[in-house]
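In what follows, every heavy atom counts, from backbone to side chain, and hydrogens, waters and symmetry copies are set aside.
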Amino acid sequence: VQLQASGGGLVQAGGSLRLSCAASGRTFSSYVMGWFRQAPGKEREFVAAIRWSDGATAYADSVKGRFTISRDNAKNTMYLQVNNLVSDDTAVYYCAAKEGAWFLKRIEYDHWGQGTQVTVSS
């Protein structure tokens, strides 16, 4: 499994970005894919997850209502639409994948992309 994250950048507070995670190397119909983020000096934390088979989603409380996770089956790509960004959203965002029913914890994922930097300026 290979995961390639992209779409990060520098954005003003209140702005938006769309992060992408291109997946390859496997059929992902039996996978859960997630987004995590890591700010300087902090642990990597869960942001959102999506089950590839039925599109079920879950979000961290801190991003509910502002972030939307989705996937495009034809392109084998997962997205994270991030809106109304605040300074606390500044972090490296990672995509991850794990075969199985449902996973929300960082330690449960065994495939990781390289990360994309999101910086929010105030």
Between Gln114 and Ala5, is there a donor-acceptor pair closer than 3.5 Å when you use the side chain of the first and the backbone of the second?
-> yes
Shortest non-hydrogen contact between Arg26 and Tyr31, atoms and distance = NH1-OH, 3.0 Å
Verdict with supporting geometry, Ser16 and Gln81, side chain to side chain contact (heavy atoms under 4.5 Å, CB included) | CA-CA 7 Å; Ser16 299; Gln81 178 68 39; 3.9 Å; yes
Inter-residue atom distance Arg18.CZ - Ser70.OG, 0.5 Å rounding = 7.0 Å
Side chains of Tyr94 and Arg44 in contact at under 4.5 Å (non-hydrogen atoms) | yes
Taking the six-membered ring for Trp and the single ring otherwise, decide whether the centroids of Phe46 and Phe36 are under 6.0 Å apart.
-> yes
Interatomic spacing from CH2 in Trp35 to CD1 in Ile50 - rounded to 0.5 Å = 11.5 Å
Over all heavy atoms of both residues, which pair between Val32 and Ala49 is shortest? Give the atoms and the distance, please.
-> CG1-CB, 4.3 Å
Do Met33 and Phe103 share a hydrophobic cluster (ILVMFWY, side-chain heavy atoms under 4.5 Å, transitive)?
-> no
Identify whether Val120 and Val92 are in the same connected component of the hydrophobic contact network (ILVMFWY, side-chain heavy atoms under 4.5 Å).
-> no
Separation between CG (Asn76) and OG1 (Thr27), nearest 0.5 Å, reads 7.5 Å
Starting at OG of Ser122, measure out to CG of Leu85 and round the result to the nearest 0.5 Å.
-> 12.5 Å
Could you give me the CA-CA distance, side-chain angles and deciding distance for Gln4 and Ser6, then say whether side chain to side chain donor-acceptor pair (under 3.5 Å) is met?
-> CA-CA 7 Å; Gln4 180 75 34; Ser6 62; over 6 Å; no
Closest heavy-atom contact between Lys98 and Asp110?
-> NZ-OD2, 3.4 Å
Of Leu10, Thr90, Leu19, Val82, which meets side-chain contact (heavy atoms from CB on, under 4.5 Å) against Val118?
-> Leu19
Examine Ile69 and Trp112 and state if one hydrophobic cluster contains both, with Ile, Leu, Val, Met, Phe, Trp and Tyr joined whenever side-chain heavy atoms are less than 4.5 Å apart.
-> no
Can any side-chain N or O of Tyr93 pair as donor or acceptor with the backbone N or O of Leu80 at less than 3.5 Å?
-> no
Can you see which heavy atom on Ser53 is nearest to which on Ser29, and at what distance?
-> CB-O, 3.3 Å
Any chance the side chains of Arg71 and Tyr79 put a donor and an acceptor closer than 3.5 Å?
-> no
Closest non-hydrogen atom pair between Ala58 and Leu104, with its separation = CB-CD2, 3.8 Å
Looking only at heavy atoms, what is the nearest atom pair of Trp52 and Phe28, with distance?
-> CB-O, 3.0 Å
Check: Asp72/Thr77 side-chain N/O donor and acceptor closer than 3.5 Å = no
Using distance alone, with no hydrogens and no angle criterion, decide if Ser30 and Glu99 have a side-chain donor and acceptor under 3.5 Å apart.
-> yes
Is any side-chain heavy atom of Lys75 closer than 4.5 Å to a side-chain heavy atom of Ser20?
-> no
Is any NZ, NE, NH1 or NH2 atom of the basic residue among Glu45 and Arg106 found under 4.0 Å from an Asp or Glu carboxylate oxygen of the other?
-> no
Taking a hydrophobic cluster as the set of Ile, Leu, Val, Met, Phe, Trp and Tyr residues connected by side-chain heavy atoms closer than 4.5 Å, whether directly or through intermediates, do Val11 and Val47 fall within one such cluster?
-> yes
